[in-house]
Every structure is written in C-alpha cells, then in structure tokens.
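Reviewing the structure listed below.
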Amino acid sequence: MIDDKKILFSGMQATGSLTLGNYLGALKNWVTLSDEYECFYSVVDLHSITVRQDPAELRKKARNLMTLYIAAGLDPVKNCIYYQSHVSGHAELAWILNCFTYMGELNRMTQFKDKSAKHADNINAGLFTYPVLMAADILLYQADVVPVGKDQLQHIEITRDIATRFNSIYGDVFTIPEPYLGKAGAKIMSLQDPTKKMSKSDENPNASIYLTDDRDTIIRKFKRAVTDSLGCIKYNEEQPGISNLIDIYRACTGMTVEEIEKEFDGKGYGDFKLAVGECVADMLTPVQTRFDELSKDKAYIDGIIKENAEKAGYYANKTLRKVQKKVGFPERVR
Ligand code: TRP
C-alpha cells in the first residue's frame, strides 16, 4: 500500500511500433486504472536487449514510448512512468531471485520456447531468465496487481511461485501479486488473419493499425480487413473477422454488442468497416496530436524522466535493502 492505495505495476517493451491492440488492450485501460491504484508503468528496456537491438533505434523507441504513455493520457505526476534501466534495483533483485528460481521452471516457459525458436542464433541466458527479471520488476514495488495480456499469465504465475518460495524462507518480504486481465473484448486480432493476435511484429503492415497511422491509412486498412461471405454483422465464432471489428468498435464507442448489431442491421460490410475506421481514427487523432506536441518539449519530458526515476528508485530501494539484509549481505556503513 502507498497512501492507502493498492499498488499496480506494468510495463511495455519499446520494440516494434505500438498497435491499436496495445492501445485498447493495455494503454487505454492503464489510464482508467490510475485513479484506483498507485501505478508504476515502466518502459522495460532491460528486457528488450534479450534480442539484438540497434542502440540508437532502441533509445529513440524508448523515448517515443515514454512520450506516448503521456500522450495517451497517463498523468506523469499521478503515475510513476520511468525507464527500467534508470533504476538499478531491477537488475540487482533479478540476480538475487535467479538464485531462487529453478532451471526446470524456466524451461517450461512457453515464451522462451517460442522466442528461442525465432532467434535460434542467439539463445542467450538473458532470454532464459527473462521471467525472473519480470518477477523482479513486479516484486520490487510490492505490486498487488499486474495488468497483462493472457500471453504473460505464465510469467505472473512464476513470479508468484518465486515470491512464495522466498517468503517461506525469510518471512513476509514480498506481496504476492495478482494478474489483472482487462475486460473481455480487449484482445484485438489481426485484420488480415482474425484468428491471430494483432502484433507489433507482424510482417504484413495491413494486419495491424499502428498508433502512428494517419486517418487515410487507418480507413484503408479497415477497408481491406478480412471478413467472410455471410454478409451479416453478428458477433459469433463463425465470423471471427466481423467479431473482431465489433470488438474494436465497442472498445472505441463503449457500445454493447447488441447495440452495434442493431445499428448495423441490414447494412453492408463496406459501411461497417468505414464506421469502424472512422471511430478508430477519431480516437487516435488527439493522441497523435498530443504526441507531436510533447515530442517538441524536450525539457518537459526530461523533467518527468528524472523525477519519476527518482520516485521509482526510492520505492525499489526500500524493497531491495530489505531483501539484501534477509539473504545475509553485510549492512552498509554510513
Ligand atoms: N514481458 C512483458 C511483455 O512482453 C513486459 C513486462 C516486463 C512486464 N516486465 C513486466 C509486464 C512486469 C508486466 C509486469 O508484455
């Protein structure tokens, strides 16, 4: 607890270009959650180097993501938004937790299996211990809740296991975190293959709406979205493409499925796709405008980066010092 509020931690990698899926599935909800919780939102750059990155590109993308957090509506005074690499406690706690994590546990992680298949020429130890760093992120802030997508649930599970193990040896050191899965409908699928999640690393640019896409591009991509030949706008398993468009429309408008089905009853796919495209463009335009304004204000962003790194560092150190003492490291001499 900080000031009577439960603590929330989440993070995003700055690699790839953020998509509508990241926005509706994560960022937009983060903004809502920031009233209820004391929130830490990190740009997790330590995680990014588990696959090879171009240094200049990584730095630029991390800065853009930080700016986007604010442009999307996260108040940087109320929320602690910071770079993971600016708080050394993440790496320090990760090392300690590595010594409380079994090879067998890490071997079972499906993301590790997927990523090592994809980067067969660079299966490094960091990729293997990625979940331990993630556990350190979460436990360092004594987070109660962690909003994540379904694909990260296994990592939350291992975080809980590591924390429980540590607590059973040393007493109540860590809060055991709970995953927070957003409301149904927040999972946005590819526009070209609606059985696949919309991904920032998709090779087909028509499959994803990027947060930087302009209005015409957005509308064009929706026009090309894969649907079916049934010709009716109904939410069901046989029409994954249309159902995905309904999900997007409802996430943008706040309407229910029934209301949407009624609004488009008897209308063609062309009309519906245009309506979805327009409401997505309407939603993203103010974020893009704000992003452009903020990007020009270097001093303002720099100030936020500095202040929030200090704030995060303060809370991180509290946990880290406690952990270091528990495992038997000598006290610091002042
Ligand atoms: N692994 C997460 C992802 O790829 C990002 C992440 C890193 C994270 N550390 C975290 C998410 C801690 C939640 C909490 O999506």
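Just so you know, ligand 1 is whichever comes first in the structure, and atom 1 is the first atom listed for that ligand.
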Pairing residues for P147 by the side-chain contact (heavy atoms from CB on, under 4.5 Å) criterion, not counting sequence neighbours: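 With sequence neighbours excluded, P147 shows a side-chain contact (heavy atoms from CB on, under 4.5 Å) to L8, S10, W30, L33, Y180, given in chain and number order.
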
Which residues share a salt bridge (Lys or Arg N to Asp or Glu O under 4.0 Å) with D144, sequence neighbours left out: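 By the salt bridge (Lys or Arg N to Asp or Glu O under 4.0 Å) rule, D144 matches no residue at all.
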
Residue pairs passing the side-chain hydrogen bond (donor to acceptor under 3.5 Å, both in side chains) test where at least one lies in residues 93-112, sequence neighbours excluded: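 Of all non-adjacent pairs touching residues 93-112, those that pass side-chain hydrogen bond (donor to acceptor under 3.5 Å, both in side chains) are E105-R165, T110-Q154, Q111-Q152.
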
Give every pair formed by an N or O atom of ligand 1 and a protein N or O atom closer than 3.5 Å, one pair per line with both atom names and the distance to 0.1 Å, or write none.
from, atom 1, to, atom 2, distance (Å)
ligand 1, 1 (N), Y130, OH, 2.7
ligand 1, 1 (N), Q152, OE1, 3.0
ligand 1, 4 (O), Y130, OH, 3.2
ligand 1, 9 (N), D137, OD2, 2.7

Side-chain donor/acceptor of Q84 to backbone N/O of L46, under 3.5 Å: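 Yes; judged by distance alone, with no hydrogens or angles, the pair exists.
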
Cation-pi geometry met for K273 and Y269 (6.0 Å, 45°):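 That pair does not qualify as a cation-pi contact.
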
Aromatic contact, F112 with H155 (centres under 6.0 Å):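 Distance test on ring centres: not under 6.0 Å, no.
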
